[in-house]
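For reference, the structure discussed in these notes is given below.
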Amino acid sequence: MIKEKIDQFLAAQAANLPAEAMTEIRERLEAADDSKFDELSMLNFKNPTTMMIIAWLLGCYGVDRFMLNDTTMGIVKLCTCGGCGIWTIIDIFTAGKRTREFNLSKLNEIL
């Protein structure tokens with residue numbers, strides 16, 4: 001792929017992807033062909049900040065887990081009312097990291 005496209009993509013999505021994986025992502029993007037870039041431009045990443053807010057407001061119902069396609073844990077969280085609130089508090093602080101990892105896995109599926 002063209003270096004400018006890669007730089008633009010990484011600049012636009014830096015907040016949505018794990019910082020420690022940026023060099024690996026850059027290498028994989030450089031090795032990919034232009035048809036993959038068209039698929040990437042159509043990809044919608046989830047915002048980690050939004051997921052933290054959802055975890056804060058609706059975390060006891062497991063909505064944050066359902067949105068990240070973690071259906072089993074979402075059901076368990078829903079049935080236990082967020083693990084009596086303890087699991088909800090933990091998920092508020094880990095929602096950003098889980099969202100970035102989810103976005104990375106979506107990116108890896110395409111590349």
Side-chain angles (χ1 to χ4, degrees):
M1 257 195 274
I2 300 172
K3 185 178 179 352
E4 290 110 19
K5 285 184 180 181
I6 295 171
D7 291 338
Q8 287 176 349
F9 176 79
L10 290 177
Q13 302 301 333
N16 297 332
L17 296 168
E20 60 273 3
M22 285 305 209
T23 54
E24 176 190 345
I25 294 170
R26 179 178 292 280
E27 291 170 0
R28 294 189 68 193
L29 286 171
E30 288 172 352
D33 57 349
D34 287 333
S35 66
K36 297 290 184 183
F37 187 75
D38 294 335
E39 292 179 46
L40 288 176
S41 63
M42 302 298 285
L43 188 61
N44 290 327
F45 290 117
K46 298 197 183 300
N47 188 332
T49 306
T50 304
M51 290 305 295
M52 286 179 9
I53 293 170
I54 290 171
W56 177 260
L57 298 175
L58 300 170
C60 62
Y61 303 113
V63 174
D64 55 327
R65 294 286 183 158
F66 287 119
M67 289 183 69
L68 295 176
N69 293 339
D70 195 2
T71 309
T72 306
M73 296 302 274
I75 292 171
V76 172
K77 194 173 174 184
L78 176 64
C79 292
T80 62
C81 292
C84 296
I86 296 169
W87 195 358
T88 302
I89 293 169
I90 293 169
D91 276 355
I92 290 170
F93 293 103
T94 61
K97 181 180 180 189
R98 284 186 291 110
T99 305
R100 288 181 187 92
E101 290 171 356
F102 175 77
N103 290 337
L104 180 62
S105 68
K106 283 174 56 174
L107 179 70
N108 286 334
E109 287 176 10
I110 291 177
L111 295 177

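Only a predicted model underlies this, so the values are computations on that prediction, with no experimental measurement involved.
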Atom of Gly96, atom of Met52 and distance for their closest heavy-atom approach: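 Result for this residue pair: N-CG, 3.7 Å.
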Looking at every non-hydrogen atom in both residues, tell me the closest pair between Phe93 and Ile89 and how far apart they are. CD1-O, 3.1 Å
Please report, to 0.1 Å, the donor-acceptor pairs under 3.5 Å made by any side chain of residues 63-70, with sequence neighbours excluded.
residue, atom, partner, partner atom, Å
Asp64, OD1, Lys77, NZ, 3.2
Asp64, OD2, Lys77, NZ, 3.1
Asp64, OD2, Arg98, NH2, 3.4
Arg65, NE, Asp91, OD2, 3.1
Arg65, NH1, Asp70, OD2, 2.9
Arg65, NH2, Asp91, OD1, 2.9
Arg65, NH2, Asp91, OD2, 3.4

Has the side chain of Arg100 got a donor or acceptor atom that lies under 3.5 Å from a matching backbone atom of Ala15?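 Present.
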Who are the side-chain hydrogen bond (donor to acceptor under 3.5 Å, both in side chains) partners of Asp7, not counting sequence neighbours? Lys3, Arg26
As an exercise, state the distance from [atom1] of [X] to [atom2] of [Y], rounded to the nearest 0.5 Å.
| X | Y | atom1 | atom2 | value |
| --- | --- | --- | --- | --- |
| Ile92 | Trp56 | CD1 | CH2 | 5.0 Å |
| Thr23 | Leu10 | OG1 | CG | 10.5 Å |
| Thr94 | Glu101 | OG1 | CD | 9.5 Å |
| Asn47 | Met51 | CG | CE | 10.0 Å |
| Phe45 | Leu40 | CZ | CG | 6.5 Å |

Connected to Ile90, directly or through other members, by ILVMFWY side-chain contacts below 4.5 Å are Ile86
In the hydrophobic clustering (ILVMFWY, side-chain contacts below 4.5 Å, transitive), which residues join Val76, or is it alone? Met73, Trp87
Let me have the donor-acceptor pairs involving side chains of residues 102-111, under 3.5 Å, with sequence neighbours excluded, atom names and distances please.
residue, atom, partner, partner atom, Å
Asn103, OD1, Lys46, N, 3.1
Asn103, ND2, Asn16, O, 2.8
Asn103, ND2, Lys46, O, 2.8
Asn103, ND2, Thr99, O, 3.4
Ser105, OG, Phe102, O, 2.7
Lys106, NZ, Asn44, O, 2.6
Asn108, OD1, Arg28, NH1, 2.5
Asn108, ND2, Leu104, O, 3.3

